[in-house]
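Naming: A, B, ... by sequence-line order, numbering from 1 per chain.
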Amino acid sequence: MKIAWWKWLTLALMLYVLVMGFLGPVPRLHILNETIRNLYFHVPMWFGMILLFATSVGYSIHYLATNRIESDIRASAFTQIGILFGFLGLTTGMLWARFTWGEYWSNDPKQNASAIALMIYLALILLRGSISGVRERARLSAVYSIFAFAVLIPLIFILPRFTDSLHPGNGGNPGFNPYDQSGKLRPVFYPAVFGWTLMGVWMADLLIRVRILKNIQTENEA
Amino acid sequence: MKRKLFLFSLLVGLLAAGFPAVAQDADSPEMADILRSNGKIYIVLITVLMVFAGIAGFLFFLEKRISKLEKNLKNK
């Protein structure tokens with residue numbers, strides 16, 4: 001069985017992240033304690049989501065430019081896996097918040113904004129499901145996906161920074177740098193972002209291949 | 001396949017060996033040192049790795065199935 005090289009890379013990165021995520025050294029911080037390790041599992045969900053949605057935008061633009069239905073299949077698969085990552089980010093974030101900020105949901109600007117962003121993307125799934133014409137569905141969801149991404153960026157990266165937020169890096173604070181003065185987190189965090197994102201790409205890849213096969217099958221039957 | 005697995009475990013081992021040991025202070029915040037001194041954190045780690053092995057195994061199963069279908073459709 002031949003498997004793409006980057007899938008082996010995904011497995012290597014994930015094994016490294018899981019082992020070092022539990023056993024590696026982390027800074028000793030009050031309140032956070034060992035939950036700082038969530039940085040390797042919760043935050044990569046959001047980074048992964050953004051990267052998967054960005055990929056989806058790329059394929060959406062490609063669809064609009066070329067009208068190739070395969071690009072629509074790719075764009076929608078990346079959107080769906082992105083939404084999965086977003087929901088995992090939201091639920092893991094709620095659990096982490098319960099034991100550090102005190103509440104599952106504190107109406108933190110970033111919590112609210114990411115919930116809204118996910119709603120916008122869920123509407124894309126609804127939109128796709130409600131259109132039966134293949135070409136029409138592909139065109140509309142490509143346009144919607146570009147629009148949704150354009151809304152997502154200010155919602156998650158810009159608006160929360162104008163107000164006070166519990167999340168690090170908001171209300172004028174820098175990112176996780178003050179938590180990582182000894183540089184212990186970065187050697188695991190960056191591979192974690194890369195590894196989890198590749199996991200998402202792998203899942204999307206399987207989804208895409210099944211749908212392309214289905215597409216060929218229906219074309220053969222017609 | 002076996003060579004790949006070997007290189008892969010070598011890579012993981014090398015990366016893991018590059019980390020310095022944890023320093024300890026008397027009045028530092030509470031961490032899960034007891035769990036680790038008992039060695040029981042490794043149980044959790046092994047559990048996670050087993051779950052991940054299951055997920056990875058499933059991904060490979062899907063790879064195999066889909067590759068087969070792709071081959072069949074291309075030959076038609």
- Item | Enclosure of A/R98 CZ (heavy-atom neighbours >12, cutoff 6.0 Å) | yes

- Item | Partners meeting ring pair (Phe, Tyr, Trp, His ring centres under 6.0 Å) with A/Y63 (sequence neighbours left out) | none

- Task: Answer yes or no: is there a side-chain heavy-atom contact under 4.5 Å between A/W46 and A/K110?
- Result: no

Mind listing the side-chain donor-acceptor pairs of residues 86-93 of chain A below 3.5 Å, one per line with the distance, residues two or more places apart or on another chain?
| from | atom 1 | to | atom 2 | distance (Å) |
| --- | --- | --- | --- | --- |
| A/T91 | OG1 | A/F87 | O | 2.8 |
| A/T91 | OG1 | A/L88 | O | 3.2 |
| A/T92 | OG1 | A/H42 | ND1 | 3.0 |
| A/T92 | OG1 | A/L88 | O | 2.7 |
| A/T92 | OG1 | A/G89 | O | 3.1 |

- Heavy-atom contacts under 4.5 Å, residues 206-216 of chain A to chain B: A/L206, A/R209, A/V210, A/L213, A/I216

- Query: Do the side chain of A/R74 and the main chain of A/T55 share a donor and acceptor less than 3.5 angstrom apart?
  - Reply: no

Sequence neighbours left out, cut at 3.5 Å: what donor-acceptor pairs do the side chains of residues 191-203 of chain A make with other protein atoms?
| from | atom 1 | to | atom 2 | distance (Å) |
| --- | --- | --- | --- | --- |
| A/W196 | NE1 | A/Y40 | O | 3.2 |
| A/T197 | OG1 | A/V193 | O | 2.6 |
| A/W202 | NE1 | B/E63 | OE2 | 2.8 |

- Choice from B/L62, B/L59, B/I55 maximising heavy atom contacts with chain A below 4.5 Å: B/L59

